[in-house]
> 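The structure's right below; bear with me while I get my questions together.
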Amino acid sequence: MTDGTAPAAAPPRSTLVITAHAGDFVWRAGGAMALAASRGEKVTVACLTFGERGESAKAWREGRQLDEIKAIRRAEAEKAAAVLGAGIVFFDAGDYPLLGTPELTDRLVAVYRAAQPDVVLTHPLEDPYNGDHPAAARMALDARVLAQAIGYPSEGEIIGAPPVFFFEPHQPEMCGFKPEVLLDITEVWETKRKAMECLGAQRHLWDYYTDLAVRRGVQLKRNAGPNLGLAHRTMAEAYMRPYPQVTGVLD
């Protein structure tokens, strides 16, 4: 017997993306973010730096000053996040180098508890070309564990153990990256491309990441089996899992 009241609706699924620099989330995970948002899910980006020193060469060559460059990169990232349907939190922790600290990790714990993520996307733990990326990944993984601890002093409810996916680095073969998960982003590709084009400071990467999406799409079709009705020009993103998948069905 019930009292006639309808059960409370479950909260929407939540995706948390933790990136070192202002553009990283767009190039590497923009498709996953746009897909989640298109399903009505909550998407949050924690952006640790603006990439103001190491990833804004065009602005420096134009004679811009540090605060101006930060403002430019912030505006670009906000616009791109809005295109993808995500909210964004800026830490302004300073890049080149990004140094992991207990204070930054603590701030990430608060973001985890506020977002209550069902899935986490971040950098791989290896990158010999850019130490900011593994620094961000280590803090992301540390904060994930601390956010689960009921005794850890931080606001908000503790989280569960959301699965983590490492998104593809710029030079995967040098970063120990294997494309274990291929995500079909064909239906949101134009949204991702529009978000990429918000990043004028790194225009040289627009075509690179378009070409990468094409190559990963070819690989996706090769591994998807026959006669699945995939688009002729399938676009995809690649991910790697640091933790085992938990499932009751092998598929």
Side-chain angles (χ1 to χ4, degrees), residues 6-20 24-48 77 80-91 104-125 133 136-150 152 154-168 177 179-189 191-192 195 216 220 236-251:
R13 279 177 55 87
S14 173
T15 296
L16 176 60
V17 186
I18 299 173
T19 66
D24 293 338
F25 68 92
V26 183
W27 315 122
R28 291 146 166 94
M33 294 167 60
L35 279 174
S38 73
R39 296 190 294 261
E41 301 176 15
K42 179 182 177 182
V43 183
T44 305
V45 180
C47 184
L48 299 184
V83 168
L84 296 171
I88 188 165
V89 179
F90 296 102
F91 282 51
L104 280 176
T105 300
D106 186 65
R107 289 173 64 187
L108 273 176
V109 170
V111 171
Y112 268 99
R113 290 188 175 178
Q116 292 291 309
D118 296 282
V119 63
V120 177
L121 311 179
T122 193
H123 301 271
L125 288 166
H133 295 157
R138 286 189 293 270
M139 285 187 281
L141 296 184
D142 288 346
R144 173 183 173 275
V145 172
L146 296 175
Q148 299 173 55
I150 193 168
Y152 188 84
S154 181
E155 294 184 3
E157 296 295 322
I158 61 172
I159 67 168
V164 176
F165 293 84
F166 291 154
F167 41 64
E168 184 164 7
F177 181 87
E180 296 172 336
V181 178
L182 294 167
L183 179 68
D184 188 342
I185 62 169
T186 308
E187 68 180 83
V188 295
W189 167 249
T191 301
K192 177 173 179 175
R216 290 308 187 195
L220 184 150
E237 289 173 345
Y239 294 87
M240 183 174 171
R241 302 192 66 145
Y243 302 116
Q245 178 184 2
V246 178
T247 181
V249 177
L250 293 175
D251 58 8

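As a basis for the values below, the full set of heavy atoms in this structure was taken, side chains included, without hydrogen atoms, waters or symmetry mates.
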> Shortest non-hydrogen contact from Val188 to Gly31?
CG2-O, 3.6 Å
> Any side-chain heavy-atom pair from Arg113 and Tyr152 closer than 4.5 angstrom?
yes
> Can you name the closest pair of heavy atoms from Ile18 and Ala136 and give their distance?
CG2-O, 4.4 Å
> Could you tell me which non-hydrogen atom of Ala46 sits nearest to which non-hydrogen atom of Val111, and how far apart they are?
CB-CG1, 4.4 Å
> With a 4.5 Å limit on heavy-atom distance, are the side chains of Tyr112 and Val120 in contact?
yes
> Taking only residues two or more places apart in sequence, or in another chain, which ones meet Asp142 in a side chain to side chain donor-acceptor pair (under 3.5 Å)?
none
> With rounding to the nearest 0.5 Å, note down the distance linking OH in Tyr239 to CG in Leu182.
10.5 Å
> Quick check: closest heavy atoms across Leu16 and Pro117, and the distance to 0.1 Å?
CB-CB, 3.8 Å
> Flag the pair Gln116 / Pro11 as yes when at least one side-chain heavy-atom distance between them is below 4.5 Å, and no otherwise.
no
> Find out whether Glu180 and Met240 are in side-chain contact, i.e. whether some heavy atom of one side chain is under 4.5 Å from a heavy atom of the other.
yes
> Kindly say whether Ala86 contributes a backbone atom to a donor-acceptor pair with the side chain of Lys42 at under 3.5 angstrom?
no
> Grab the two heavy atoms, one from Pro124 and one from Ala137, that are nearest each other, plus how far apart they are.
O-CB, 3.6 Å
> Please enumerate all residues that pass side chain to side chain donor-acceptor pair (under 3.5 Å) together with Glu41, with sequence neighbours excluded.
Arg39
> Quick one: CG on Asp184 to CG on Leu220, what's the gap to the nearest 0.5 Å?
5.5 Å
> Is the distance from the ring center of His123 to that of Phe167 below 6.0 Å?
yes
> For a 4.5 angstrom cut-off between non-hydrogen side-chain atoms, does Leu141 reach Tyr243?
yes
> Would you check if Arg28 and Thr19 make a side-chain contact, meaning some heavy-atom pair closer than 4.5 Å?
no
> I need the Thr122 OG1 to Leu48 CG distance, nearest 0.5 Å.
8.0 Å
> First locate atom CZ of Arg241, then atom CZ of Phe166, and finally report the distance between them rounded to the nearest 0.5 Å.
11.5 Å
> Could you give the distance from CH2 (Trp189) to CD (Glu237), rounded to the nearest 0.5 Å?
8.5 Å
> Does some side-chain heavy atom of Met139 sit less than 4.5 Å from a side-chain heavy atom of Thr105?
yes
> What do the steps show when you test Phe25 against Leu84 for side-chain contact (heavy atoms from CB on, under 4.5 Å), and what is the final call?
CA-CA 10 Å; Phe25 68 92; Leu84 296 171; 4.1 Å; yes
> Considering non-hydrogen atoms only, spot the tightest contact between Pro179 and Arg216 and give its length.
CG-NH1, 3.7 Å
> Output the distance between atom CD1 (Ile88) and atom CE (Met33), rounded to the nearest 0.5 Å.
7.5 Å
> Any heavy-atom pair between the side chains of Leu108 and Phe91 that's under 4.5 Å?
yes
